[in-house]
Every structure is written in C-alpha cells, then in structure tokens.
Undergrad: 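Attaching a single structure in structure tokens format; questions to follow.
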Amino acid sequence: MILQKLRVLNYKSIKDSGEFNVSRILALIGENNSGKSNLLSAIELLTSAGAGGASTTHFNDIAQPIIIKGTFTDLIPDEKLRWQPYLVNNSLILEKHLWLGKDQRTGKDKILNEFHGYMAEPKEWYLSVDKINEQEGSRPKWKDIVDQHGLPDYFTQDGKCNKSIYAKGLAIFLSENEVEYDDPDLSETHALGLQSNVIASLPSVYFLRAITDYNDEIDKRSSSTTFRRLMGDLSERILSRDPRYEEIEKALKLIHDCFNCLEDTGDVSRLESLSIIESKITGFLKNLMPSVNGIKLYVTVNEIKEIFSNGISITIDDGIDTDVLAKGNGMQRCLVFTLLYTLIINEREQLLPDEDPVGDGHPHIILSVEEPELYIHPQLAKLFFDVLKEFAIYDQVIYATHSPLFIDAYEHEKIVKVDKESTDIGTKVTTCDTNSFSGLPDRKIFKGLSRLNSDVNEMFFAKRVLIVEGPEDEIAVTAYLLHNGKIRNRIEELDWSITVAGGKSAIPFLQRILNAFSIKYTVLHDQDLGAGQSQDARNTEAARNQNIVDLAGSNPVITFPEKMETSLGLASHIPDQYEAHKIFSDPNNLTKEFCDVIESIFEASNDSPAG
C-alpha cells in the first residue's frame, strides 16, 4: 500500500494544502517556515492511532476540524480483501478527522478523532444486512437465508440464527472472501469504527526529524524513538530470512513457558520458584485483604524484533573502537543511511535469499526525512540521494530539503514546492504543471532535462531567478552589482539566484520548468541581430527571441540591443570566464549602455536592489 495523494486541512500552518500527487519518492522544497515539516508530520498523524500527539495548538482554526485525506494505491491481495468495501477504482481513500470535544468521563477538553472512508455495499443482497431488510422486510428468516445460500457454519449458533449472529458471520465472511461490491457512495464519507483495524493495515511511517543530536535516536535506552522502531522493522525483514530464525523463536518460547506455563505440558514446566513466590505473596496479601483468592505473576518476553531494536549496541572502529553515541553527528547520520542501504540489498535478495517474492508479507514503510543533507559532506549527499531513491523502489520516501543535491528536475513529478505567502493564506503546495511542456517532442524534453544539474537545480530554491545565456553573463551581472554597492559578495543577498542556461537555445526549456512550478524569473539575453547577418539569419534569430518572450508571460525579458560585448564597446566575443573576470574587475569597462541594461533587470521586476 502506497500513499498516492494527500490533502491537509486546518493543520498548523496549513488551511488547505489542496490535493496533490505523492510519488514513491517525493521532495518537498520551499523556504524555512513554509510548512514542509507540517506536511511530513500530517502524514505521520494520518497513519497513527488516536490523536497522534495532536494538541489544541495544532489547529489552524480551533473551531474547525483537522482533516487529513490520503489516497492509497498498490494494495497487495490481503489489503484488497480487507478494504474491499471501501475501495474506489482499487484505491483506498481514507480521511482522519480530529476535533476539540469533551471527555465524557472528566468533562475536560479533549482531542477526539475518527477515521472516515467511502463505503460500498456488496452486490449480492444476502451479503448486506441493509439489503436483506429491504428485500425481506423488518423480520427476515435469517436461518432460511443461511441455508438457501449455503453460507458457512459460523452464520449459526446451536443451529439457530438471528440478526446479531448473521452480522457477526457476515463480517467474517467478507474478510475472508473476495466478493463484488456496488460503486461506493462518494457523496459523503462514513466512520470506519475500530482504529486498531485501520492502523494495522496502513504503511508504517518513520519520521527522521532534523534533530541536532542523534544520540537520543540511537541510544538503546530510548525504545520508542523513530530509529529504534525502524531498526525493529528492518531487523524483522532481514532476520526472518536466516535459516536459524526458528531456533530463536523456539528458544524465546521456551523462556516464555519457563516463566508463564501454569501447567506441566510434558515438554516444559514453569519454574517452581515462581510458584513459591506467588504462594508466599498470596498468603501475605490474604492477611491484609481476606477477600483475595490468589495472585499470578506473568513475565513478558519480548519478540525478536523488540530484542534486536531495543537491545542492540553499535560500536564503530575508525581508528578507535567506540560506541556510535560518542561519534559526531555526521557519522551518526551516515549510520542511519547505511542501515537503510542494508535493507535495500536485502530486499534485492543480495544479502539473504528469500523464497517469497520481494516485499510480500511486510507492510510498506513511509520514510519521512527532514533535511537529509544535514551533517554530511556534499559528495556523500549525492550517494545518500541514491540510497533514498533505491529505498523507494520497494517502499516510499518523502523528505524536505534545502539542497539542490537532493532533487532532480528531470523527474519533475517527484518535486513539490511549498509556499506560505502569508498566515491568512497558509501553506500551499505547487506541483509541476505538465501543460508547460505541451508541444515539446519527448526528445527535446529529454535533451532539456539532461542539461539540469545541481547548479541549475538551485533555481528551485530561489525567490526569483535570473536566467542568463552563459557564465560570462553571470560574471557581468555580479560585477555590476558589486561595483555599484548593491551587494557585497553575491546576488543571493537580494533573494535572487542566477541560472546559467548554457546558450540561448536552452533558455526556453528553463522557462518551461520555472513556469511549471510558478517560480518568478527574469531573462537576460543577446538579441543577436547584427547588421552583417543575412535576412534569413535575422528572421531565425528574431523568431527565437519572440519564443522567449511568448513563454515568459508576465515575467520580464531584458535584452542587449545586439550582444553584451557590443554594449561594452568590445570588438570581439569574450572567449572564456578568465577573460570575463579580467574585464569586469575594472569598473571603468562598464559602459552606460551596459549598466542601463543590467539596471533595467531589477527595475522591470519591481524588486530593485537597495543601493
């Protein structure tokens, strides 16, 4: 079961995120305090029991309910069987509602919650109590219906059947058999009843927050942390493939029986000392409270995955063999990703063989990560990004990042932009508008996307982007701003980023990417309409220029009348970045025509830098 769509309403900074698609690996990008972490925690809340730690401060409007709506797809056969009354086109649409109410026992304010889904009735009338009442009236002959349709024995008790017995039998029958259902009623959702039944079949969410110290996560004394829970699930997947796994299960059963078997089974009997202790305590307690008949001691024996996750200690020898808790944050985070990679190769059956198909029998994991780039070297970041992508082949990864190393614009459907223009509007999610690529042959799309790299990907994190043709243009703009006291070091001081297209022919594709995500931008390029050109060449160049203008829409397009070099009074093309640095290091080389063009970039955008 994979989360395919998400919508969040009235949760923290989010009034209404709008519904958006969620891929197997999804990057949330946006400024600090835009609401990325709130979306991640909303997913955790959707799949958690009870109020999931929500408090009154988590309501954007305390008078309205929090509603988190998830659409789940890729259900395995067992999941389809369990959820068949609620499936819409083989997808499970699930809502979690949370609201402020009163505790019936204490009368105090309490966060109440309920799961909702769209419900359908079985097509066969005898498989629905409501349909039976419609067809047979208010007093159907339940036993006759059982006999007529050859229903199993559990539909009767002592050869008799009534409405209550029939309903219980029907619940068992529908959970064990695949039957046809009517189309669900999509006009409203219905409460789903016991939360334990809902939670048991949903993906397990593990939220690795952007904490400053991993000690609390890895410390074996912290049994309920995300890291420890993740370790338990991963170990269960891996250890269960070991040929000696059954030996451990038998040993744990022996320990359990030695502590808790109250009768001699022939194979093992309970430790006599425990019975003596019970007898002594019972005697002492009866003296104080004569109504007591006796007490029983029960010793809890952990399951294998609990022993593994809670009891393991990890040491690392990097010249000095010490506990991982004594290592730096970078080493600790590397360990987390290494464990994930171990799971990956296990799922590929490269660690331990498995006779069952990959992924069967294990609930899917949704791994949520805040800022996976924290504490790690940029080169390692690229490798970690690969680990997350491989993890998502079998499970799902949703993460918030500020690093261009953790996004790939080639896979635009795996990126969503998160913004919060104001508290009145709240957090909004922008996904890629694929209409921006309409009319482009696939070959050109691939060519354009293949040009994108981590430098180009920085445009996703900018408030405003300036697209230029080449690196010499970037040097020129930066030099102008420096010499005029607009910046001290770089254009990012003005909340702008410069993206080098690598030639005028690549500019339109970058425009399409920025249009798709509604990112503001300005284009600077040469008109390239020299007097010595043929009419055909001028027409071709004019058409290219017009294409850039057409794609820009309301975004400004600034041009040099002919070429940047012409505006600078240079007789020849600037050959490389080295020569560009030499030319622009001297402010006397910046002509009025050149300066007017660069100044117009910031005037046209209404974001003129302060001088």
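As the structure is a computational prediction, the values presented were derived from the model and not from experiment. Both backbone and side-chain heavy atoms feed into the values below; hydrogens, waters and symmetry mates do not.
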Undergrad: Does Lys96 use its side chain to pair, donor to acceptor, with the backbone of Gly50 at less than 3.5 Å?
TA: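 Side chain of Lys96 to backbone of Gly50, a donor-acceptor pair under 3.5 Å: yes, one is there.
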Undergrad: Can you tell me if Gln396 uses its side chain to pair, donor with acceptor, with the backbone of Leu3 under 3.5 Å?
TA: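 Pair found, side chain donor or acceptor close to backbone of Leu3.
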Undergrad: Is it the case that the ring center of His116 lies less than 6.0 angstrom away from the ring center of Tyr86?
TA: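 No, the ring centres sit 6.0 Å or more apart.
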Undergrad: In this structure, are over 12 heavy atoms from other groups packed under 6.0 Å from Asn435 atom CG?
TA: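 Counting neighbours around CG of Asn435, more than 12 heavy atoms of other residues, nucleotides or ligands fall under 6.0 Å, so yes.
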Undergrad: Nearest 0.5 angstrom please: Leu28 CG to Ile407 CD1, how far?
TA: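 Atom-to-atom, Leu28:CG and Ile407:CD1 are 11.5 Å apart.
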Undergrad: Under a 4.5 Å cut-off applied to non-hydrogen side-chain atoms, are Phe59 and Ile111 in contact?
TA: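 Yes, their side chains come closer than 4.5 Å.
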Undergrad: Closer than 3.5 angstrom, by distance alone: can the side chain of Thr47 be matched with the main-chain N or O of Ile43 as a donor-acceptor pair?
TA: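 Yes; at least one donor-acceptor contact below 3.5 Å.
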Undergrad: For Asn287, I'd like to know if atom CG has over 12 heavy atoms of other residues, nucleotides or ligands within 6.0 Å.
TA: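 For Asn287, atom CG is crowded (more than 12 foreign heavy atoms under 6.0 Å).
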Undergrad: Does Lys389 count as lying over the ring of Phe385, i.e. NZ or CZ under 6.0 Å from the six-ring centre, within 45 degrees of the axis?
TA: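 Judged by the rule, Lys389 and Phe385 form a cation-pi pair.
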Undergrad: Would the distance check show the side chain of Glu79 and the main-chain N or O of Ile76 forming a donor-acceptor pair, the cut-off being under 3.5 Å?
TA: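 The answer is yes, because a donor-acceptor pair under 3.5 Å joins these two groups.
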Undergrad: Looking only at atom types and distance, does a side-chain atom of Lys80 sit under 3.5 Å from a main-chain N or O of Glu178, one as donor and one as acceptor?
TA: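 No, the answer is negative, given that no donor and acceptor are paired below the 3.5 Å cut-off.
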Undergrad: Measure from the side-chain N and O atoms of His364 to the backbone N and O of Met1, and report whether any donor-acceptor pair falls under 3.5 Å.
TA: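 Checked: pair present.
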Undergrad: Check whether Glu370 reaches the backbone of Ser37 with its side chain - one donor and one acceptor, N or O, closer than 3.5 Å.
TA: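 No, the answer is negative, given that no donor and acceptor are paired below the 3.5 Å cut-off.
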Undergrad: Is Lys253 salt-bridged to Asp257, cutoff N-O under 4.0 Å?
TA: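 Yes, charged N to carboxylate O under 4.0 Å.
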Undergrad: Looking at Lys414 and Asp408, would you say the former's side chain and the latter's main chain have a donor-acceptor pair under 3.5 Å?
TA: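 The answer is no, because no donor-acceptor pair under 3.5 Å joins these two groups.
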Undergrad: Just by modelled atom types, is the Ser91 backbone N or O under 3.5 Å from a matching donor or acceptor in the Asn89 side chain?
TA: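 Checked: no pair found.
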Undergrad: Which word best sums up how the rings of Phe173 and Phe155 line up, parallel for under 30°, tilted for 30 to 60°, or perpendicular for over 60°?
TA: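 Taking Phe155 first and then Phe173, their aromatic rings stand perpendicular (interplane angle over 60°).
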Undergrad: Just by distance, do the side chain of Arg24 and the backbone of Asp395 share a donor-acceptor pair under 3.5 Å?
TA: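 The answer is yes, because a donor-acceptor pair under 3.5 Å joins these two groups.
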Undergrad: Around atom CD of Glu249, are there more than 12 heavy atoms of other residues, nucleotides or ligands at under 6.0 Å?
TA: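 Yes, CD of Glu249 has more than 12 neighbouring heavy atoms, counting only those of other groups under 6.0 Å.
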Undergrad: Can you classify the ring geometry of Phe437 versus His412 as parallel (below 30°), tilted (30 to 60°) or perpendicular (above 60°)?
TA: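 It falls in the parallel class, under 30°.
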